[in-house]
Amino acid sequence: MDKKKAVKLATASAVAASAFVAANPHASQAATDVATVVSQAKAQFKAAYYAYSHAVTETGKLPNISDVYAAYNKAKQAYANAVAVVNKAGGAKKDAYLADLQATYETYVFKANPKSGEARVATYIDAYNYAVKLDSLR
């Protein structure tokens with residue numbers, strides 16, 4: 001290859017690379033944002049779990065149910081938002097992010113088929129509501 005062709009090829013490669021970066025400037029930012037959103041959602045799941053479990057273990061008293069509901073609703077919203085962001089962004093890690101979100105959500109917030117004794121925010125809320133209903137019937 002002569003010198004002119006090499007210079008033209010290098011110039012064309014540089015133009016193509018800059019066009020790719022110009023067309024998709026937020027590609028690396030999007031990957032970081034997805035990881036951040038997933039991390040924040042997982043933190044909210046844990047916060048919802050600790051909204052009731054921490055109060056019980058530290059004080060020995062049941063927490064205010066409105067606080068538990070607020071944390072639970074934030075966790076559900078964070079889960080929905082994170083799943084939407086991951087699905088929109090796609091990418092190679094999409095399935096891994098979705099599986100991680102699902103596993104963490106089931107661990108701290110809601111599990112479709114909980115085993116006896118598994119602690120979940122949704123299970124706590126259901127038990128609390130059932131206890132209130134029983135108390136009113138008494």
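Using a 4.5 Å heavy-atom cutoff, the side chains of Y124 and L62 are in contact. A heavy-atom distance below 4.5 Å is found between the side chains of L98 and N87. Using a 4.5 Å heavy-atom threshold, the side chains of V83 and L101 count as touching. Looking at heavy atoms from C-beta onward, Y79 lies out of side-chain contact with V109 at the 4.5 angstrom threshold.
Using modelled atom types and a 3.5 Å distance limit, the side chains of E106 and Q102 yield a donor-acceptor pair.
A distance-only check finds a donor-acceptor pair linking the side chain of T107 to the backbone of A103 [under 3.5 Å]. Counting only distance, with no hydrogens or angles, the side chain of D100 and the backbone of A96 share no donor-acceptor pair below 3.5 Å.
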For this session: Show your reasoning for whether side-chain contact (heavy atoms from CB on, under 4.5 Å) applies to V85 and D33.
Result: CA-CA 9 Å; V85 167; D33 288 345; 5.9 Å; no
query = Given V34 and K94, is the side-chain contact (heavy atoms from CB on, under 4.5 Å) satisfied, shown in steps?
reply = CA-CA 9 Å; V34 170; K94 176 184 172 184; over 6 Å; no
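We find the OH-CG distance between Y130 and L134 to be 4.5 Å, quoted to the nearest 0.5 Å. Note: T57 OG1 to Y52 OH = 10.5 Å, rounded to the nearest 0.5 Å. Note that OG of S53 is 9.5 Å distant from CD of E58, once rounded to the nearest 0.5 Å.
Of all heavy-atom pairs between A41 and A78, the closest is CB-O, 3.8 Å. The heavy-atom pair separating V68 from P63 by the smallest distance is CG2-CG, 3.8 Å. The minimum heavy-atom distance between A75 and Y105, with the atom names listed, is O-CE1, 4.2 Å.
The aromatic ring centres of Y108 and Y49 sit less than 6.0 Å apart.
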